[in-house]
Amino acid sequence: MSLHRTPMTLACSFSRPFAGAAYELDTAVIANPYDPDAVAEALQTALGMPLGERCDRWRAMMVVLRRNSIAAWRESFLGALSS
């Protein structure tokens, strides 16, 4: 199977101090965008990852993304405003 037709893990160019998504997508490969070596290493890690691990990480991220849809965020936000 070609690489472009298989699930890929996300190489996020942020680290926990910089973005909240890093907390949510904890199976992503995470790197500090201010550290070029860390970004290069994260990309190398993601690109060299075995298919099984990529699929597992992708599935875990999709669970989070589906749970935290824009509709769910809107309801949570409006609920917080009204309380």
Side-chain angles (χ1 to χ4, degrees):
M1 185 177 286
S2 67
L3 187 60
H4 73 278
R5 294 197 180 269
T6 62
M8 291 296 293
T9 192
L10 181 63
C12 295
S13 61
F14 48 71
S15 62
R16 297 194 195 289
F18 303 118
Y23 290 107
E24 295 290 323
L25 301 175
D26 60 356
T27 59
V29 178
I30 300 185
N32 180 340
Y34 300 106
D35 183 346
D37 292 331
V39 172
E41 185 177 329
L43 289 171
Q44 184 175 16
T45 297
L47 290 171
M49 195 173 288
L51 176 60
E53 184 177 352
R54 286 198 324 257
C55 290
D56 290 345
R57 287 172 176 250
W58 180 82
R59 280 188 211 94
M61 285 186 278
M62 291 307 296
V63 167
V64 172
L65 293 172
R66 287 183 182 115
R67 182 181 64 229
N68 295 326
S69 68
I70 189 66
W73 178 87
R74 179 191 67 228
E75 293 303 315
S76 173
F77 182 78
L78 293 175
L81 286 177
S82 65
S83 59

* Structure fact -> One should read off an interatomic distance between F77 CZ and I70 CD1, to the nearest 0.5 angstrom, of 10.5 Å
* Please round to the nearest 0.5 Å and tell me the distance separating atom CZ of R54 and atom CG of L47. => 8.5 Å
* Structure fact -> For R57 and T27 the tightest heavy-atom approach is NH1-O, 2.7 Å
* To do: Could you tell me which non-hydrogen atom of A38 sits nearest to which non-hydrogen atom of A31, and how far apart they are?
  => O-CB, 3.5 Å
* Main-chain N/O of E41 paired with T45 side-chain donor or acceptor, under 3.5 Å -> yes
* Structure fact -> To the nearest 0.5 Å, atom CE of M61 lies from atom CG of L25 at 6.5 Å
* Separation of E75 CD from S69 OG (nearest 0.5 Å) -> 9.5 Å
* hydrophobic_cluster_shared for L65 and V63, side chain cutoff 4.5 Å -> no
